[in-house]
Amino acid sequence: MSSTYDVRRMPRDAFFHDEVPYVDSSGLLSFLGEMAFVEPLLLVGPTGMAKSTAAYAFAQIEGYPVVELSCSEGTRENHLVGSFGMEGDTTFFTLGKATTAIDLANEIALDPDENANGAIFLINEINALDPQIQKSLNPLLDFQRRMDASAIGKMFALAPNARLWVIATMNPAAHGGVHSLNTDLVRRLQPIYLNYPAKEQERAVLEGLKASVISDEYYAIDDSVFNHTVVGGTNFVDQLIELAGDTRQGNLEYSLSTADLHQLCRKVPRFGIERTLVLASYKWEDEQERTFFATKVLSTMGIDIGKLSVLIPPTLASSAAPSRRRA
């Protein structure tokens with residue numbers, strides 16, 4: 001590279017991540033182990049299926065760093081390649097996500113003391129990329145193993161012994177705000193289609209996130225939630241999974257995912273079952289769809305949330321102005 005400017009990126013340690021709470025009920029982790037560094041992978045499935053979390057969990061288990069790009073309509077080539085900046089009289093070039101992944105993989109390959117033997121480039125929601133931006137990824141995904149930065153007349157290439165595995169994710173094309181993938185891009189990727197887990201699998205995922213199983217308070221579900229019952233003595237969590245299945249029939253704008261069920265179970269100790277279900281209903285902006293959800297709650301759990309609110313007006317005795325921290 002030219003000596004007239006510095007090249008900058010985050011340090012290597014920034015891309016090694018802590019353990020993530022992922023429960024593999026489908027065998028995806030073992031498949032990632034079989035597929036690792038063989039060819040670029042595309043995970044396709046509904047939102048909330050922990051596609052990205054699976055990639056992070058695999059990377060953490062195997063000791064790989066992860067460079068992540070979250071795509072949107074606003075993602076441009078400079079987000080992949082990089083851009084120039086000024087600091088006083090100094091000109092520098094900050095690497096984009098793709099060039100950072102290449103540079104990181106090269107750095108690891110050159111370091112005899114590095115235990116990692118490769119890096120992962122995770123591209124989330126790849127079909128949010130404009131078709132022309134998609135094309136810029138082609139050389140990275142095939143035998144060329146490079147990323148062109150035509151705007152600055154540079155080429156960023158993987159060293160012969162460097163290992164970089166590209167994992168892309170996307171929701172099904174039926175979701176709004178996405179593009180179709182270019183044929184040449186699909187040819188370079190191995191798609192894997194994921195669907196909502198079976199009821200037993202979904203229960204196993206939630207059970208695997210119990211407080212007695214994982215130590216992370218942010219993600220843990222209080223064990224007591226799994227003992228709650230609703231109408232007829234049926235188990236609350238089982239009925240919640242049944243309810244989620246009702247929302248996945250294609251007649252609603254939004255479907256409750258496994259991630260949603262995890263969030264709802266975590267809310268129960270704080271808000272109780274009824275208010276938690278009201279909070280769940282707020283996933284739908286359309287009033288008719290919220291009514292449909294409330295009807296399903298009544299039929300599956302015997303709880304009428306139609307006239308409930310999560311807001312509880314204060315009594316006169318408790319409505320004094322709250323104390324505030326003084327400067």
Side-chain angles (χ1 to χ4, degrees), residues 17-29 45-58 60-61 194 196-248 254-284 290 293-315 318 322:
H17 303 274
D18 295 333
E19 183 177 358
V20 295
Y22 178 75
V23 180
D24 185 18
S25 66
S26 65
L28 179 56
L29 279 184
T47 184
M49 288 287 295
K51 300 183 292 294
S52 300
T53 306
Y56 273 106
F58 173 77
Q60 197 278 330
I61 291 169
L194 307 171
Y196 292 113
K199 295 176 184 178
E200 322 74 75
Q201 292 176 314
E202 201 150 37
R203 172 84 189 205
V205 169
L206 297 175
E207 291 268 6
L209 295 170
K210 281 183 176 181
S212 59
V213 177
I214 64 172
S215 58
D216 193 324
E217 292 183 2
Y218 182 81
Y219 293 102
I221 301 171
D222 192 286
D223 286 33
S224 65
V225 173
F226 295 87
N227 299 323
H228 287 309
T229 58
V230 290
V231 65
T234 55
N235 183 269
F236 165 70
V237 173
D238 289 338
Q239 290 301 102
L240 188 62
I241 293 171
E242 189 79 31
L243 180 64
D246 289 337
T247 71
R248 300 168 184 170
Y254 187 86
S255 303
L256 289 180
S257 66
T258 306
D260 287 315
L261 299 186
H262 173 220
Q263 293 172 1
L264 292 172
C265 287
R266 289 183 58 246
K267 289 183 174 80
V268 169
R270 181 181 295 268
F271 296 102
I273 289 177
E274 292 184 351
R275 293 173 72 208
T276 294
L277 292 170
V278 174
L279 287 169
S281 73
Y282 293 162
K283 293 286 186 178
W284 290 274
R290 288 200 303 273
F293 178 76
T295 302
K296 287 294 183 180
V297 169
L298 183 59
S299 64
T300 57
M301 299 191 188
I303 301 172
D304 186 0
I305 65 169
K307 296 181 180 180
L308 297 179
S309 172
V310 294
L311 305 179
I312 301 175
T315 63
S318 63

Results of ring-ring contact (aromatic ring centres under 6.0 Å, His included) for Tyr22 - residues two or more places apart only: none

message: Please find the pair of heavy atoms, one from Ser299 and one from Lys296, that lie closest to each other, and give the distance.
response: OG-O, 3.0 Å

- request: In plain terms, say whether Glu242 and Arg248 are close enough for a salt bridge, that is, a side-chain N and a carboxylate O under 4.0 Å apart.
  value: no

task: Determine yes or no for a side-chain-to-main-chain donor-acceptor pair under 3.5 angstrom, with Arg290 supplying the side chain and Trp284 the backbone.
output: yes

- request: Using modelled atom types only, decide if a donor and an acceptor are shared between the side chain of Asp223 and the backbone of Ala211 within a distance under 3.5 Å.
  value: yes

- prompt: Is there a side-chain contact between Asp260 and Tyr254, using heavy atoms and a 4.5 Å cut-off?
  reply: yes

message: Is the shortest side-chain heavy-atom distance between Val205 and Pro197 below 4.5 Å?
response: no

field: Shortest non-hydrogen contact from Val23 toward Ala204
entry: CG1-O, 3.9 Å

- prompt: Under the 3.5 angstrom rule, does the side chain of Lys267 hit a backbone N or O of Arg275 as a donor-acceptor pair?
  reply: no

Value rounded to 0.5 Å, distance of CD in Glu202 from OG in Ser25: 8.0 Å

query: Under 3.5 Å, is there a donor-acceptor pair between the side chain of Ser257 and the main chain of Met49?
result: no

- request: Could you tell me whether the side chain of Asn235 and the main chain of Thr229 form a donor-acceptor pair under 3.5 Å?
  value: no

Gap between atom OG1 of Thr234 and atom NE2 of His228 - 0.5 Å precision: 13.5 Å

- request: Return the minimal non-hydrogen interatomic distance between Ile214 and Gly208, and the atom names on each side.
  value: CG2-O, 3.6 Å

task: Return yes if some donor-acceptor pair links the side-chain N/O of Lys51 with the main-chain N/O of Gly45 below 3.5 Å, else return no.
output: yes

field: Test item: Ile273 and Ile303 side chains (from C-beta on) under 4.5 Å apart, heavy atoms
entry: yes

- line: When rounded to the nearest 0.5 Å, the distance separating CD of Glu200 from CD1 of Ile241 is 9.0 Å

message: In the structure I gave you, are the side-chain heavy atoms of Met301 and Leu240 within less than 4.5 Å of one another anywhere?
response: yes

message: Could you check whether any side-chain heavy atom of Pro21 comes within less than 4.5 Å of a side-chain heavy atom of Tyr218, counting everything from C-beta outward?
response: no

statement: CD (Gln60) and CD (Glu19) are apart, to the nearest 0.5 Å, by 5.0 Å

- request: Determine, stepwise, if the pair Val310 / Tyr282 fulfils side chain to side chain contact (heavy atoms under 4.5 Å, CB included).
  value: CA-CA 10 Å; Val310 294; Tyr282 293 162; 3.9 Å; yes

task: Taking Gln239 for its side chain and Phe236 for its backbone only, find out whether a donor-acceptor pair lies under 3.5 Å.
output: no

field: Sequence-distant partners of His17, ring-ring contact (aromatic ring centres under 6.0 Å, His included), two or more places apart
entry: Tyr56

task: Determine whether Leu206 and Leu261 make a side-chain contact, defined as any pair of heavy atoms from C-beta on separated by less than 4.5 Å.
output: yes

query: Roughly how far, to the nearest 0.5 Å, is the CG atom of Leu264 from the CG atom of Leu256?
result: 6.5 Å

- prompt: Just by modelled atom types, is the Tyr219 backbone N or O under 3.5 Å from a matching donor or acceptor in the His262 side chain?
  reply: yes

query: Can you tell if the side chain of Val225 reaches within under 4.5 Å of the side chain of Pro269, non-hydrogen atoms only?
result: yes

- prompt: What distance separates Asp238 CG from Leu243 CG, expressed to the nearest 0.5 Å?
  reply: 12.5 Å

- prompt: Within 45° of the six-membered ring axis of Phe226 and under 6.0 Å from that ring's centre, is NZ or CZ of Arg203 located there?
  reply: no

